[in-house]
Amino acid sequence: MSTTSGGTPSSKLAAELAALDNNVYGFIHNALDLESLARSFAQQSWASRRSAWDEYEITCSWCQLNLFDSGGMPKFAGVVEPTRVDELADTLRSFDVDYEIELYDVKGELIRTLLP
């Protein structure tokens, strides 16, 4: 399985979500590296591709995240179907990583924070 610029195939983000601004942000505290994290998503049938030298885009039908490093800590930003944010948390939990997820509404107001 490759997480090169070609990526791994999967379902595309739903059109109504693709039209939204980012509504989810987070940190991953104990991931080994971004490539391993992207590979873990791909093993769960998410599409995964390298989007920049040290960034990855991961996508399924209800979520699209950009994984990147900021100050030595893996972070993510993207769009998630708000009713499925718990599934994103479950996915991260299945990778045995510590995370923080912040979900925002369409006005940019924080509506929920999820921790392991």
Side-chain angles (χ1 to χ4, degrees):
M1 169 180 27
S2 174
T3 53
T4 63
S5 59
T8 57
S10 183
S11 59
K12 294 187 178 197
L13 185 66
E16 64 273 10
L17 293 174
L20 296 177
D21 289 333
N22 287 355
N23 70 348
V24 67
Y25 301 87
F27 305 93
I28 301 171
H29 299 286
N30 61 337
L32 293 176
D33 58 69
L34 292 176
E35 184 174 8
S36 296
L37 187 60
R39 192 174 304 119
S40 294
F41 276 98
Q43 291 170 344
Q44 296 289 323
S45 299
W46 291 55
S48 175
R49 71 177 189 93
R50 186 182 301 258
S51 56
W53 180 254
D54 57 350
E55 294 183 14
Y56 293 86
E57 180 182 86
I58 56 170
T59 307
C60 70
S61 63
W62 50 269
C63 186
Q64 181 175 33
L65 301 176
N66 188 35
L67 306 175
F68 58 95
D69 186 287
S70 178
M73 179 181 291
K75 296 182 180 180
F76 60 86
V79 176
V80 65
E81 166 59 48
T83 63
R84 298 184 80 170
V85 70
D86 288 311
E87 289 180 60
L88 175 58
D90 290 343
T91 300
L92 291 171
R93 193 176 301 111
S94 76
F95 302 155
D96 199 30
V97 297
D98 290 332
Y99 59 85
E100 293 178 40
I101 300 172
E102 294 180 346
L103 179 66
Y104 292 82
D105 65 16
V106 294
K107 295 179 182 175
E109 299 290 326
L110 177 65
I111 56 174
R112 192 159 172 216
T113 300
L114 292 85
L115 301 169

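All values derive from a computational prediction rather than experimental measurement.
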| message | Apply the hydrophobic cluster definition, ILVMFWY joined by side-chain contacts under 4.5 Å directly or through others, and give me every member besides M73. | response | F27
| query | Looking at residues at least two apart in the chain, or sitting in another chain, which of them share a side-chain contact (heavy atoms from CB on, under 4.5 Å) with R84? | reply | W62, E81, E87
| field | Value rounded to 0.5 Å, distance of NZ in K75 from CD in E100 | value | 10.0 Å
| note | Residues passing the side-chain contact (heavy atoms from CB on, under 4.5 Å) test with T91, sequence neighbours excluded, are F41, W46, F95
| message | Once side chain to side chain donor-acceptor pair (under 3.5 Å) is applied, do any residues pair with N23, and if so which ones, sequence neighbours excluded? | response | none
| query | Partners of D69 by salt bridge (Lys or Arg N to Asp or Glu O under 4.0 Å), sequence neighbours excluded? | reply | none
| message | Among residues at least two apart in sequence or on other chains, which ones pass side-chain contact (heavy atoms from CB on, under 4.5 Å) with D105? | response | K107, E109, I111
| note | Under a side-chain separation threshold of 4.5 Å, the hydrophobic residues clustered together with Y25 are Y104, L110
| Atom CG of N22 and atom CD of Q64: how far apart are they, to the nearest 0.5 Å? | 9.0 Å
| remark: One should read off an interatomic distance between T59 OG1 and N66 CG, to the nearest 0.5 angstrom, of 9.5 Å
| query | Between A31 and V97, what is the shortest heavy-atom contact and its length? | reply | CA-CG1, 4.2 Å
| Does a side-chain heavy-atom distance below 4.5 Å link I101 with L92? | yes
| note | Residues passing the side chain to side chain donor-acceptor pair (under 3.5 Å) test with S36, sequence neighbours excluded, are D33
| Can you name the residues that form a side-chain contact (heavy atoms from CB on, under 4.5 Å) with D98, not counting sequence neighbours? | H29, N30, P116
| task | Could you tell me whether a side-chain N or O of R50 sits under 3.5 Å from a main-chain N or O of W53, the two making a donor and an acceptor? | result | yes
| When rounded to the nearest 0.5 angstrom, what distance separates CG in L67 from CG in L37? | 5.0 Å
| note | residues 63-86 vs ring pair (Phe, Tyr, Trp, His ring centres under 6.0 Å), sequence neighbours excluded, gives none
| task | Kindly write out the residues that satisfy side chain to side chain donor-acceptor pair (under 3.5 Å) with R112, not counting sequence neighbours, or none if the list is empty. | result | D86
| field | Test item: L114 and L88 side chains (from C-beta on) under 4.5 Å apart, heavy atoms | value | no
